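Presented below is the structure to which this report refers.
In the text below, chain A, chain B and the rest are named by the order of the sequence lines, each starting its count at 1. Treat the numbers as computed from the prediction; the structure is a model and nothing was measured.
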Amino acid sequence: MAKSTRLSDDRPSPRDALAAGILPERLLKLLYYMRLQRAVEDRGVKLYYQGRIPGAYFTGWGHEAIAVGAAAALGPDDLLAPMHRDLAAYIMRGMTVGEVFAQFLDREGGPTRGRDGNVHMGDPRRGILPFISHMAASVPVAAGMALACRQRGEARVVLTFFGDGATSTGAWHEGVNFAAVFRLPLVLVLENNQYAYSTPLDHQTAARAFVDKAAGYGIPGVAVDGNDVLAVYDAAAAAVALARGGGGPTLIECRTLRVRGHSEADKFSYVPKALLDEWTARDPIPHFERRLRTAGVLTDAIDEAMGARIAGEVEDGLAWAEASPEPDPRTVADGVYAAE
Amino acid sequence: MAKSTRLSDDRPSPRDALAAGILPERLLKLLYYMRLQRAVEDRGVKLYYQGRIPGAYFTGWGHEAIAVGAAAALGPDDLLAPMHRDLAAYIMRGMTVGEVFAQFLDREGGPTRGRDGNVHMGDPRRGILPFISHMAASVPVAAGMALACRQRGEARVVLTFFGDGATSTGAWHEGVNFAAVFRLPLVLVLENNQYAYSTPLDHQTAARAFVDKAAGYGIPGVAVDGNDVLAVYDAAAAAVALARGGGGPTLIECRTLRVRGHSEADKFSYVPKALLDEWTARDPIPHFERRLRTAGVLTDAIDEAMGARIAGEVEDGLAWAEASPEPDPRTVADGVYAAE
Amino acid sequence: MPHLTYLEAIRDGLREEMRRDPRVFVLGEDIGVYGGAFKITEGLLDEFGPWRVIDAPLAETANVGAGIGAAVMGMRPVIEMQFADFVTDAFTQVVNMAAKYHWRTRTPLPLVLRMPYGGDVKGGPFHSQCMEAWFVHTPGLKVVAPASAEDAKGLLLAAIRDPNPVLYFEHKHLYRLRREEVPAGEFVTPIGRARPVREGTALSIVSYGWMLHKCLEAADLAAADGIAADVLDLRTLAPLDREAILGSVRKTGKALIVHEASRTGGVGGEIAALIAEEAFDSLDGPVTRLAGEDAPVPHNPGLEAAFQPTVQEIADAIRRLAAY
Amino acid sequence: MPHLTYLEAIRDGLREEMRRDPRVFVLGEDIGVYGGAFKITEGLLDEFGPWRVIDAPLAETANVGAGIGAAVMGMRPVIEMQFADFVTDAFTQVVNMAAKYHWRTRTPLPLVLRMPYGGDVKGGPFHSQCMEAWFVHTPGLKVVAPASAEDAKGLLLAAIRDPNPVLYFEHKHLYRLRREEVPAGEFVTPIGRARPVREGTALSIVSYGWMLHKCLEAADLAAADGIAADVLDLRTLAPLDREAILGSVRKTGKALIVHEASRTGGVGGEIAALIAEEAFDSLDGPVTRLAGEDAPVPHNPGLEAAFQPTVQEIADAIRRLAAY
Ligand SMILES: Cc1ncc(C[n+]2csc(CCOP(=O)(O)OP(=O)(O)O)c2C)c(N)n1
Ligand SMILES: Cc1ncc(C[n+]2csc(CCOP(=O)(O)OP(=O)(O)O)c2C)c(N)n1
Ligand SMILES: [Mg+2]
Ligand SMILES: [Mg+2]
């Protein structure tokens, strides 16, 4: 498959964004959530190396622009079916930093109450579908959530994330096709980070680009720079509007690179150094910060205040999680069935 | 989905076919196999209504040009992974008419020896993969057969058939993608008969046409008139040549209509009369006969001789099958494992 | 009371629940315009329209997944497998997504999978399977298998109203077997409760689905020899009605378990193990199983007849065990 | 004899078979360049090249299906599931395409599925499952589950050489547990034969995989109280070694069956049923099962420790049963 093109030319400038009606406060909110995901996951990495996180640990390092740009396009009643690299999207949909850390630490305070680990979480009460490990298994379920909205005549939209590897699964194909056939309000966001664990794109597909799959389902497809939060936002906002208006699903291919290991246990020596350097240099956070400064939206004062606020939220969240109890082993067999 | 376009203009004339090196004998062989499938299935229908065929009965009425045109493009060592509407392909690859009737009658002489029924058959010894009921489950297996050819450096090609409904399954997607990624020698023949049981195309896909799926896998796709045996042959021959040369899979969409019920138990009242009349009028057999007569290839004498030969083969085959014993009930638990 | 076939009782139950509760809808292949491969959903499209009677693509993972997603949103989906055999194409959705959903989230997942299963339809190895044991071994799923028209309706209503994923195994052989009196209107057969069909003290016969009918015929033959069997229709396979099974065996001291599914690893093993552990002191004879062969289901009618336990084989087993 | 871990024994077996037989190849996700999620196939790509060590797409149906197709052509594929849990994405290929293939065609299907299974890796509900019972209930499949490094190699060689589809359940907890003496070069552990690990007359303990090791520890504790248990390592779950199981129980009169998989519908049920039917006259006590909870496998370490039978629980069960 052709290496992701950088698309740098057609990136909307912050001025376009402002013109597009994105106010400074909203631009700063995007930056805030990107930095918050990075800070929470950075703290998580430290906890992991301190041996305090049971099992595997995954980050969305470099994916923040995708998570934030896409989730920012959702309305208050919309729904999310996330995956394992879009932590900010969970938080933007209402999950607290404390709950996230409680999940990492397998505590009762986490959304799965210690039953499942790391980013394998969700919260139906907040409209966040808990994803399971089986890649793309959420896609047909997200289609079903959109079906329910359509059946009840609710103008709600479901947005789901998945990886490049996930597109090879039958679940992905069946879910996308189902949503397309019934023109369901579903937005399909591909986090193309060029690897599935150690597997490069050319072992995942022979297609020129993943967007080329859209026509096979009769839906629109668009490719954007996944390190450009505004490009992702623009594409997602258009797709959400189309879906809400009854126009059916859109496939959005967001191109980035997984700049850390698949999990923290993975030393990812299989990723070419040059590729890694190229994308590390394009880290979506400083990149967006530079643009906001150029546009006069971000100042030193705002920057410091934001950093301080995030640092506080991370420490408070972790403290909350640490105060949350370990699950009681005697409850191991509880909750298998819902009581009538 | 857009109704299949007739493509009548770009049909190669018999003269083209002759020019393309298809000799009269070969053209007549194509006609012979199309008529043989029709005759065998016609006899099967009679047996079915006489209550002599246990279970369901399926025909490939109207599909004969697809089965014959595609299978005719294969070389002696090539391999086949068929489905339930391409009986002629089984016979062209070496299954006898007697074995086919024995399968219909659940006799020991059938390829599954009465274990499975109707067209759920195959014969690995002759390079015919036995398909299972689960639609498209053969596609990844056919990819694996092509993989083995590639691993051993054999210049063999695998050709597989599947329906429009089958393209909605995860198995189809995963199998096609696998073959595309490894550029395996696999030819993918879609029998688009506009229905999956009672389900019309617009409940199966929102794509403009199934060929539009090819680009999503990075493989070539072509649509042909499935009622034109030469059009199917030309497309299949090109795909076989490409695959044999290491060019990987091709998707060939053959457009036709299922002009009978899904099975003989289905009265198919859901198919619009006009559509049915349109395609019944385009029956691939008389259509091809007319063209061969115009080209002076088919004469009354040849026609009669062919009819007589086929009638004889059908009756002899049925007699052979009737002489084949019923399976011994005491063997019900035999053959579950292969002996070491 | 109306006289209905098992098949009509299912349709009746679907229609009544869809009228009663706007959240209930059906989705599957060929179930709308065509009315379903077995015509069970006939008439529903006209009454409820295309968003409550959904003709789905040929894609079991999509169809079950869509049902799960709708259930997540508070709908009450009833997803039809055209044949139970095809659930293997949706296995991840059933055993991983649906089964573990409440345990992970503590929120309900009200989903019903209609599973037309079993033999005697000349369907061969891919249209006749009994795979209930796979799901009985999957925590978080409920599994029911009615043997009568009344329970076909009562268990369907119970399944639709249950906040958990329920696999509803409807036996194809029973669809049109006969007409029975089925109460009109709403009634529920409680999930998890077995039905004592016949009182006896000589031995306990535990069965479900089609085989229950064979067991009753066999019990008649044995009764002619003065052997009075206690016959239990399990009706629910997960969770099992342990008390009913153990109570009967403690009374009779002997147990014969009969099912159509292949013997090895079948539900009968779990039931026998339960008895051998919890009712050991009451046992006066070997815990006996009769079941389908450890082979795929053959297409040839003669072979298939040999595949399943016959009335004669069951009667012989009853006599042997009673005489033990 | 070389000292190898269970994991090294698997790698050793793969390498030797690939050297011996050019038809043998491995296919799976991340098994080539990366050497596999557990590094079992490390080094094989360099030695055998990309057409015999195939880095496959993220697609279990494609990968298992491709293995079946290659086996149809006479190759000897070994397909790795990155975790056994993901086999549910390939379920149709395993239970319908592969399992029924020989029965329908009378031609062999030499296929091995490597299934890294079981708990104690802090993997939670989707990286810890024990689903062997699903496959034991599927006629046409063989199922093996080595507990020792020697059997890990011996059963792998047997599986690769077997003309049938074999599910090879390799327990993740055992991968690096310890080093054992493993014979160098070719040797085969026959499929279908259990291993008597310890002689005793007080009761029979039947187990496999990780739990076998817990049973041996528990048997040591009980031995201190003068209770001599007969311990059987099943090694093969399908086909079961009926003679070994029945022989041991006829000798001891008591049976304790222990596995990690959820209790209800697990392989233990089949074994208990076999004993309760075929060795009934020899039984001096209830056929007892200890197994995992009827719940998904929890991620939290404290919860997971409570999920599986502990050495203490096994020892208590041994004492109770011995005293019965
Ligand atoms: C069905 C399935 N097979 C295998 C795995 C093991 N696995 C976990 S993540 C992963 C790679 C996922 O790649 P991708 O979809 O590109 O997402 P990414 O991690 O790159 O964001 C694999 C193979 C899985 N989770 N599910
Ligand atoms: C996985 C699966 N689901 C459902 C069925 C039931 N079924 C048998 S044939 C069929 C329609 C197949 O349609 P298509 O693929 O277009 O082939 P056609 O019969 O039209 O040639 C269906 C739904 C099946 N065989 N397999
Ligand atoms: Mg990726
Ligand atoms: Mg069709």
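The CD atom of Gln93(D) sits 10.0 Å away from the NE2 atom of His134(B) when rounded to the nearest 0.5 Å.
Of all heavy-atom pairs spanning Arg93(B) and Gly75(B), the tightest one is NH2-O, 3.0 Å. Residues Phe104(B) and Pro54(B) approach most closely at O-CD, 3.4 Å, considering heavy atoms. Summarising the geometry of Met18(D) relative to Leu44(D), their closest heavy-atom pair is SD-CD1, 4.2 Å, with the distance given to 0.1 Å. Asp164(B) and Ala196(B) get closest at one heavy-atom pair: OD2-N, 3.7 Å.
Between Lys153(D) and Glu16(D), at least one side-chain nitrogen of the basic residue sits less than 4.0 Å from a carboxylate oxygen of the acidic one, meeting the salt-bridge criterion. We find that Arg52(D) and Glu47(D) are not joined by a salt bridge, their nearest charged nitrogen and carboxylate oxygen being 4.0 Å or further apart. For the pair Arg156(B) and Asp77(B), the salt-bridge criterion is not met [side-chain N within less than 4.0 Å of a carboxylate O].
Top candidate by heavy-atom pairs under 4.5 Å with chain D, chosen from Asp334(B), Val181(B), Val176(B), Val158(B), is Asp334(B). When each of Met121(B), His120(B), Arg152(B) is checked for heavy-atom pairs under 4.5 Å with chain D, Arg152(B) comes out on top. Options Asp162(D), Asn63(D), Val64(D) differ in how many heavy-atom pairs under 4.5 Å they form with chain B, and the most are formed by Asp162(D). Note on Gly335(B), Ala339(B), Ala148(B): by heavy-atom pairs under 4.5 Å with chain D, the leading option is Gly335(B). Put simply, of Ala90(D), Gly67(D), Ala70(D), the one with the most heavy-atom pairs under 4.5 Å next to chain B is Ala70(D). Highest contact tally toward chain B, considering only Thr61(D), Asn96(D), Asn164(D), is held by Asn164(D) [criterion: heavy-atom pairs under 4.5 Å]. With chain D as the partner, the residue from His173(B), Arg115(B), Arg113(B), Arg125(B) showing the most heavy-atom pairs under 4.5 Å is Arg115(B). Looking only at heavy-atom pairs under 4.5 Å with chain B, the residue among Asp89(D), Leu141(D), Leu27(D), Val72(D) that has the most is Leu141(D).
Residue contact with chain B, scored on non-hydrogen atoms closer than 4.5 Å, involves the backbone and the side chain of Pro239(D) alike. The contact between Pro111(B) and chain D is made entirely by backbone atoms, counting heavy-atom distances below 4.5 Å. For a residue to count as touching a neighbouring chain, one of its non-hydrogen atoms must lie under 4.5 Å from one of that chain's; by this rule Ile191(D) does not touch chain B. Both the backbone and the side chain of Phe182(B) come within contact range of chain D, judged by heavy atoms closer than 4.5 Å. Residue Lys100(D) does not touch chain B at all, counting heavy-atom pairs closer than 4.5 Å. Within the 4.5 angstrom heavy-atom criterion, no atom of Ala142(B) approaches chain D. Using a 4.5 Å cut-off between heavy atoms, Ser133(B) makes no contact with chain D at all. Residue Leu109(D): no heavy atom, backbone or side chain, is found under 4.5 Å from chain B.
Taking the six-membered ring wherever Trp is involved, the centroid distance between the rings of Tyr337(B) and Trp103(D) does not fall below 6.0 Å.
Ring-plane geometry between Tyr48(B) and Tyr57(B) is classed as parallel, the angle between the planes falling under 30 degrees on a 0 to 90 degree scale with a further cut at 60.
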